[in-house]
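Predicted, not measured: the structure shown is a model, and the values here were computed from it. So that the names make sense, note that chain A is the first sequence line, chain B the second, and so on, each numbered from 1.
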There are 2 protein chains.
Amino acid sequence: MSQRAVVSATLVDVAKAAGVSLATASRVLSGSPRKVREDLRESVVRAAHELNYTANAQAQAMARGRTDVVGLIVHDIADPYFSSIAAGVMRSAEENQLIVTMSSTMRRPEREVQYLSALRGQRARAVVLAGSRVTDRGLVERLSAELEKFQAIGGRVALISQPRLQVDTVVLENRAGARSLATALHERGYRRFAVLAGPRNLVTARDRLAGFREGLTRAGAPLAPAHVIHGDFTRDGGYSAAEELLAARAEIDCVFAVNDVMAVGAMVALRDHGVRLPTEVGVAGFDDIATLRDVTPALTTVRVPLERLGATAVDLVLDEQQADRPRVRRVRGEVVLRDSTPPRRAG
Amino acid sequence: MSQRAVVSATLVDVAKAAGVSLATASRVLSGSPRKVREDLRESVVRAAHELNYTANAQAQAMARGRTDVVGLIVHDIADPYFSSIAAGVMRSAEENQLIVTMSSTMRRPEREVQYLSALRGQRARAVVLAGSRVTDRGLVERLSAELEKFQAIGGRVALISQPRLQVDTVVLENRAGARSLATALHERGYRRFAVLAGPRNLVTARDRLAGFREGLTRAGAPLAPAHVIHGDFTRDGGYSAAEELLAARAEIDCVFAVNDVMAVGAMVALRDHGVRLPTEVGVAGFDDIATLRDVTPALTTVRVPLERLGATAVDLVLDEQQADRPRVRRVRGEVVLRDSTPPRRAG
DNA sequence: CTGTTAGCGCCTTCAG
DNA sequence: CTGAAGGCGCTAACAG
């Protein structure tokens with residue numbers, strides 16, 4: 001007879017069971033500032049407990065006119081760079097009682113626009129867009145338009161990347177970091193560099209290349225154009241780029257891959273082709289990915305506080321101070337010299 | 001005068017602008033099966049577009065009585081094991097037009113219960129719980145109770161771990177995998193093993209240890225109890241456990257760490273203490289984490305199709321066939337022998 | 001301090 | 001095929 005209920009108890013049920021009005025029940029259960037007589041409060045709590053009552057967050061959101069959802073959009077959650085950022089976002093979100101809904105674009109920028117639109121449908125309170133911007137003008141415009149719509153209905157936005165759009169941004173100083181790295185490597189005695197530069201259309205990759213080049217030029221050892229190889233921002237991209245370098249028989253003593261994942265791919269490629277590391281060629285990366293710290297030789301890189309990037313972005317969207325123009329939080333990386341680039345004797 | 005609107009257009013606005021009734025507007029915009037005359041449909045679509053209308057998903061969910069949210073709960077999203085599973089969950093979720101909300105327990109099992117309760121508040125359609133179950137009886141009971149409440153209101157649940165609770169589960173055959181690994185290593189000539197066994201209360205860790213022990217026993221080279229070291233399921237846990245092993249001056253020729261992350265930590269510890277790898281000691285792990293494939297020497301391990309685990313879990317919760325008892329999908333790992341455990345000469 | 005009531009935005013019978 | 005109206009579960013004025 002009594003079929004298993006597939007609906008949960010509602011506030012009306014609780015109120016009825018407790019013998020109070022809907023309003024009173026709501027007041028005790030939804031943390032309203034208004035006081036309720038102790039005995040009533042108790043019976044409401046008890047009734048709620050007995051009925052396994054849990055407020056319907058959707059209904060609350062509708063009645064209140066706002067949600068506690070923050071959307072996170074990343075390029076690829078399986079990439080340690082993004083999973084670390086996600087960890088930071090989730091940590092800060094939890095501290096602020098927010099729910100995180102996540103989506104992964106699989107490195108297809110158009111997806112950002114789609115997901116953003118979906119988040120608008122969710123009436124998400126805020127969205128964090130992590131990952132490099134691209135250079136494609138059309139895409140940037142479509143994203144901008146969608147961001148404006150999102151903001152038009154009161155949503156907050158933070159980017160983790162480059163300050164290229166009219167929204168709050170956590171800026172990772174890729175250029176300065178790469179410049180410092182170049183200087184440090186030059187000081188260690190390296191002179192003939194190659195750069196595995198990643199995709200041409202990713203601003204992050206471009207900035208790192210540009211910064212590295214600047215550093216070398218200042219140090220008086222300018223980068224040869226032929227020693228810049230583009231490719232995917234992945235392990236395999238690094239592997240292929242390094243092979244290309246070898247095929248070109250470039251005369252070099254140090255390879256800078258614009259991220260750690262690529263650097264590791266490059267190391268493997270070099271070794272596979274009989275290059276001894278780090279004696280014949282030094283290798284450096286960027287990011288200081290935790291799981292990659294234990295490769296041999298230990299990878300020289302630029303440490304990026306990834307979790308902090310994520311947490312900072314959430315803090316930014318939660319700080320409601322409506323500035324007249326986009327705010328920017330700059331985060332610097334720190335050069336970490338390890339065994340993959342030992343000091344090199346002159347000559 | 002005209003302050004920037006902070007509310008979005010509603011269906012009423014669209015209907016009004018299109019000169020039709022609310023019902024008609026709803027029918028064209030929400031993919032209702034009912035037909036609407038072509039000219040009306042067009043003007044509704046146009047009005048919606050002009051007003052930047054996007055249906056309020058919360059309101060839709062309330063009216064329909066169900067959501068498109070699937071919750072994912074992991075131990076630690078920054079751990080590549082979980083980020084890969086997450087990638088699989090998100091892929092399958094997207095294919096099914098579902099939204100993923102994610103939370104990370106930071107390896108504190110009580111959090112699973114809390115998050116599950118929050119997801120019940122969200123009226124999530126389903127939840128995927130990834131990560132090893134624990135042995136603590138009280139925790140298991142509290143989780144079970146919360147799972148039942150979740151299911152009582154129609155929510156679907158899938159676990160990725162061990163079939164210990166009365167819900168659908170994607171089971172990773174840790175025991176069988178570890179057993180095969182033991183056999184394979186024995187065949188390569190290893191005889192004196194140590195196991196870095198992870199936390200005592202994690203079922204995954206226990207199963208891997210048990211399987212490995214079984215394999216060795218069958219092969220006639222039983223594991224010495226003193227050669228089992230427990231510790232954290234992390235890189236540093238592996239490092240410490242290996243140091244402990246060294247301090248005990250155990251006579252061994254092969255170390256099995258119950259996951260790759262620990263194995264890498266162990267490799268570093270062994271090297272730091274002057275042990276030559278893999279000549280003096282072989283090292284093996286479990287999981288085949290992608291970013292860890294390039295350590296030197298290349299790590300022998302048991303490959304686990306992590307993304308598929310995640311995707312399978314989503315498929316399971318979406319397949320509404322209400323079986324009378326929990327369904328189980330078994331997934332096997334595959335031994336991958338690499339350079340960290342080269343064939344060993346007898347003697 | 002408590003109760004009544006009007007929405008929040010949308011879907012979906014039910015008439016027309 | 002279209003429109004009117006009730007209701008999803010909850011919050012927040014507004015009275016009492």
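Shown here are the side chain to side chain donor-acceptor pair (under 3.5 Å) partners of A:Glu146, two or more places apart in sequence or in another chain: A:Arg120. Remark: B:Leu143 pairs with B:Glu112, B:Val113, B:Leu116, B:Leu129, B:Arg133, B:Leu147, B:Leu165 by the side-chain contact (heavy atoms from CB on, under 4.5 Å) rule, at least two apart or across chains. Evaluation of the ring-ring contact (aromatic ring centres under 6.0 Å, His included) rule for B:Phe82 yields B:His75 as partners, not counting sequence neighbours. Legend: residues meeting salt bridge (charged side-chain N to carboxylate O under 4.0 Å, His left out) with A:Arg308, ordered by chain and number and at least two apart, are absent. With sequence neighbours left out, A:Ser84 forms a side chain to side chain donor-acceptor pair (under 3.5 Å) with no residue at all. Listed by chain and residue number, B:Asp68 satisfy the salt bridge (charged side-chain N to carboxylate O under 4.0 Å, His left out) test with B:Arg66 (two or more places apart in sequence, or in another chain).
Atom-to-atom, CZ of A:Arg34 to P of C:dC1 comes out at 9 Å; the value is rounded to the nearest Å.
Taking 4.0 Å as the cutoff to heavy atoms of chain B, we find the contact window on DNA chain D bounded by D:dC1 to D:dG9.
Between the axis at the start and the axis at the end of the helix from C:dC1-D:dG16 to C:dG16-D:dC1 there is an angle of 40°, using five pairs per end and rounding to 10 degrees.
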Report each atom pair, protein N/O against N/O of nucleotides 9-11 of chain C, whose distance is under 3.5 angstrom.
| unit_1 | atom_1 | unit_2 | atom_2 | d |
| --- | --- | --- | --- | --- |
| C:dC10 | OP1 | B:Tyr53 | OH | 2.5 |
| C:dC10 | OP1 | B:Asn56 | N | 3.2 |
| C:dC10 | OP2 | B:Leu11 | N | 2.3 |
| C:dC11 | OP1 | B:Gln60 | NE2 | 2.6 |
| C:dC11 | OP2 | B:Ser26 | OG | 2.9 |

Atom pairs and distances, donor-acceptor, side-chain atoms in residues 98-106 of chain A, under 3.5 Å, two or more places apart:
| unit_1 | atom_1 | unit_2 | atom_2 | d |
| --- | --- | --- | --- | --- |
| A:Ser104 | OG | A:Ile77 | N | 3.4 |
| A:Thr105 | OG1 | A:Val74 | O | 3.4 |
| A:Thr105 | OG1 | A:Arg107 | N | 3.2 |

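For the salt bridge (Lys or Arg N to Asp or Glu O under 4.0 Å) condition, the pairs that include at least one residue of residues 39-60 of chain B, sequence neighbours left out, are B:Arg37-B:Asp39. Applying the side-chain hydrogen bond (donor to acceptor under 3.5 Å, both in side chains) test to every pair with at least one member in residues 23-35 of chain B, sequence neighbours left out, gives these pairs: B:Ser21-B:Thr24.
Remark: the B:Gln162 side chain and the B:Thr204 side chain contain an N/O donor-acceptor pair separated by less than 3.5 Å.
Contact between the side-chain N/O atoms of A:Thr24 and the OP1/OP2 oxygens of C:dT2 is not found at any separation under 4.0 Å.
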